[in-house]
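Take a look at the structure below.
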Amino acid sequence: MPPAPPADFLPARHPWDTLWVNAHLATMTAGAASPYGAIENGAVAAKDGRIAWVGPLADLPGRAEDLAASVQDAGGAWITPGLIDCHTHLVFGGERVTEFELRLTGASYSEISRAGGGIAHTVRATRAASDDTLYTLAARRLTALMAGGVTTVEIKSGYGLDLEHELRLLRVARRLGANFPITVHTTLLGAHALPPGVNDAPGRARYLDLVCDAMIPLAAAEDLADAVDVFCEGIAFTPEETARVFDAAQAQGLAVKLHADQLSDTGGAALAARYQALSADHLEYTSDDGLDAMAAAGTVAVLLPGAFHMLRETKLPPIAGMRARGIPMAIATDCNPGTSPALSLPLMMSLACTHFRLTPEEALAGCTRHAAQALGLGASKGQLAVGFDADLALWDITRPAELAYWLGGNACVGRVAGGRLD
């Protein structure tokens with residue numbers, strides 16, 4: 001009889017922390033042979049916060065109880081990557097219900113903004129709120145997003161519009177990330193609008209100086225921002241001003257993103273691509289030239305159907321042109337008090353299918369794999385694949401298309417962040 005192998009040769013008992021069995025998987029892996037990268041009757045394992053194994057249950061390399069310290073029966077649920085909300089304005093004070101009513105009587109977004117409403121209204125309410133109040137309000141919104149399967153969220157500033165309050169909003173966002181089981185990606189949006197009371201060229205120039213010479217360097221020095229965004233639009237900042245902000249951001253080693261071509265074609269998409277922006281967002285009026293530039297640069301298109309819906313827009317983003325060029329299309333809530341008070345990413349998937357004619361598979365990719373790319377996290381999030389973060393969402397559905405089918409309700413029955421079940 002041959003001698004027994006040395007102890008260190010034997011496979012360790014429980015090499016994985018947690019193993020989910022009795023599940024169907026929508027892996028959303030790039031280039032998968034099956035729709036959604038689906039694996040029926042599958043299993044997925046986590047070790048040290050990352051996915052350690054994924055595949056058909058029949059292919060497990062041993063008995064489940066020997067492979068993991070904890071074996072979780074998913075009860076036939078579908079498991080997807082945790083959803084990623086890659087564009088939100090989650091931290092703000094007050095609300096804008098009055099503007100909602102005004103729009104229903106025919107007032108336009110631009111008219112409301114020029115009359116002192118819009119972003120300026122929220123800036124006043126936000127500045128008046130304490131840090132704890134802003135945190136509490138944002139925590140409620142974040143909790144609602146998490147209940148709908150979100151495990152990663154981007155949070156922009158943009159409702160402070162001065163040095164003190166812009167940095168304060170970023171600190172609140174970082175505090176949320178420290179206290180909730182979710183990945184928070186922060187974005188400085190100091191160039192969201194001109195501050196209340198600034199309405200002449202010298203004041204405009206001084207504010208751009210503040211954004212470029214103070215906000216961005218301080219946010220970078222305190223590690224408060226992962227990226228910098230600009231609202232490039234006729235009612236906000238010009239392409240030339242945007243380029244200056246982007247130059248300042250990249251000088252500090254920060255990635256850039258852009259609110260582009262929402263209300264008119266300012267050439268924002270092409271500008272974003274020129275700066276290798278992670279994403280260009282909205283894009284209703286983007287031209288073919290802008291799409292060509294995005295495709296060449298690998299810039300993700302972030303579609304925001306909540307704002308399109310709330311503003312009753314009729315100009316659709318050029319979805320066919322994006323498809324033809326292979327531009328990744330992400331979907332986000334754009335959660336904000338004025339144009340998209342949305343707290344459900346699955347609802348945005350449904351609106352993207354209905355308004356923009358995305359397929360359900362494109363919609364789910366837009367909230368997982370492509371949303372991860374829009375945050376620069378494509379190598380670690382948004383797919384069920386070995387080595388990726390063990391961020392999962394479990395759903396009581398019969399097929400993945402249901403995630404974009406239901407209007408309202410919540411099919412999420414479980415959420416895992418970094419390998420830990422909520």
Side-chain angles (χ1 to χ4, degrees), residues 87-142 144 154-173 176 186-200 203-204 206-208 210-211 215 229-238 241 259 262-264 281-282 284 304 306-313 332-343:
H87 181 133
T88 84
H89 304 255
L90 206 66
V91 182
F92 59 85
E95 38 69 27
R96 302 221 303 260
V97 174
T98 299
E99 293 177 21
F100 173 62
E101 294 175 310
L102 287 172
R103 282 201 304 273
L104 294 177
T105 66
S108 71
Y109 180 87
S110 297
E111 288 168 345
I112 291 170
S113 178
R114 292 191 180 99
I119 292 169
H121 176 89
T122 300
V123 169
R124 291 189 290 270
T126 301
R127 288 180 179 179
S130 69
D131 287 4
D132 286 344
T133 296
L134 291 173
Y135 177 85
T136 299
L137 293 171
R140 292 174 188 165
R141 300 168 194 133
L142 183 61
E154 186 249 24
I155 301 178
K156 302 180 191 293
S157 65
Y159 293 125
L161 302 187
D162 64 14
L163 182 61
E164 173 192 355
H165 292 95
E166 283 296 303
L167 297 185
R168 189 164 70 100
L169 297 184
L170 293 173
R171 292 189 186 102
V172 170
L176 290 166
T186 56
T187 299
L188 173 64
L189 183 56
H192 195 191
L194 291 173
V198 174
N199 51 24
D200 59 12
R204 187 182 189 95
R206 286 192 297 271
Y207 185 66
L208 262 293
L210 180 71
V211 171
M215 281 187 199
D229 196 349
V230 179
F231 186 17
C232 182
E233 191 54 72
I235 62 171
F237 294 92
T238 68
E241 290 168 332
H259 284 61
Q262 179 186 9
L263 306 174
S264 61
D281 304 24
H282 287 290
E284 280 85 343
L304 302 172
F308 182 92
H309 178 79
M310 286 291 292
L311 294 174
R312 301 176 67 196
E313 294 286 358
T333 63
D334 191 17
C335 176
N336 75 76
T339 61
S340 189
L343 295 172

[Y] and [X], any side-chain heavy atoms less than 4.5 Å apart:
| X | Y | answer |
| --- | --- | --- |
| D162 | R168 | no |
| R141 | T88 | no |
| L194 | N199 | no |
| M215 | Y207 | yes |
| R127 | L161 | yes |
| H165 | T126 | no |
| S340 | L304 | no |

Under 3.5 Å donor-acceptor, [X] side chain and [Y] backbone:
| X | Y | value |
| --- | --- | --- |
| H282 | Q262 | no |
| E99 | G118 | yes |
| E95 | V97 | yes |
| N336 | D334 | yes |

How close do [X] and [Y] get, counting heavy atoms only, and between which atoms?
| X | Y | result |
| --- | --- | --- |
| V172 | Y135 | CG1-CA, 3.8 Å |
| E233 | L263 | OE1-N, 2.9 Å |
| I119 | A193 | CG2-CB, 3.9 Å |
| V91 | A138 | CG2-CB, 4.0 Å |
| C335 | L90 | SG-CD1, 3.7 Å |
| S157 | G190 | OG-N, 4.1 Å |

Inter-residue atom distance [X].[atom1] - [Y].[atom2], 0.5 Å rounding:
| X | Y | atom1 | atom2 | value |
| --- | --- | --- | --- | --- |
| L176 | L134 | CG | CG | 10.0 Å |
| E166 | L188 | CD | CG | 6.0 Å |
| D132 | L137 | CG | CG | 11.0 Å |

Just list the side-chain donor-acceptor pairs under 3.5 Å for residues 100-107, sequence neighbours left out, or say none.
| unit_1 | atom_1 | unit_2 | atom_2 | d |
| --- | --- | --- | --- | --- |
| R103 | NH1 | G338 | O | 3.1 |
| R103 | NH2 | G338 | O | 3.1 |
| T105 | OG1 | L102 | O | 2.7 |

Applying side-chain contact (heavy atoms from CB on, under 4.5 Å) between T187 and each of E154, H87, H89, report the one that passes.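 Result for side-chain contact (heavy atoms from CB on, under 4.5 Å) with T187: E154.
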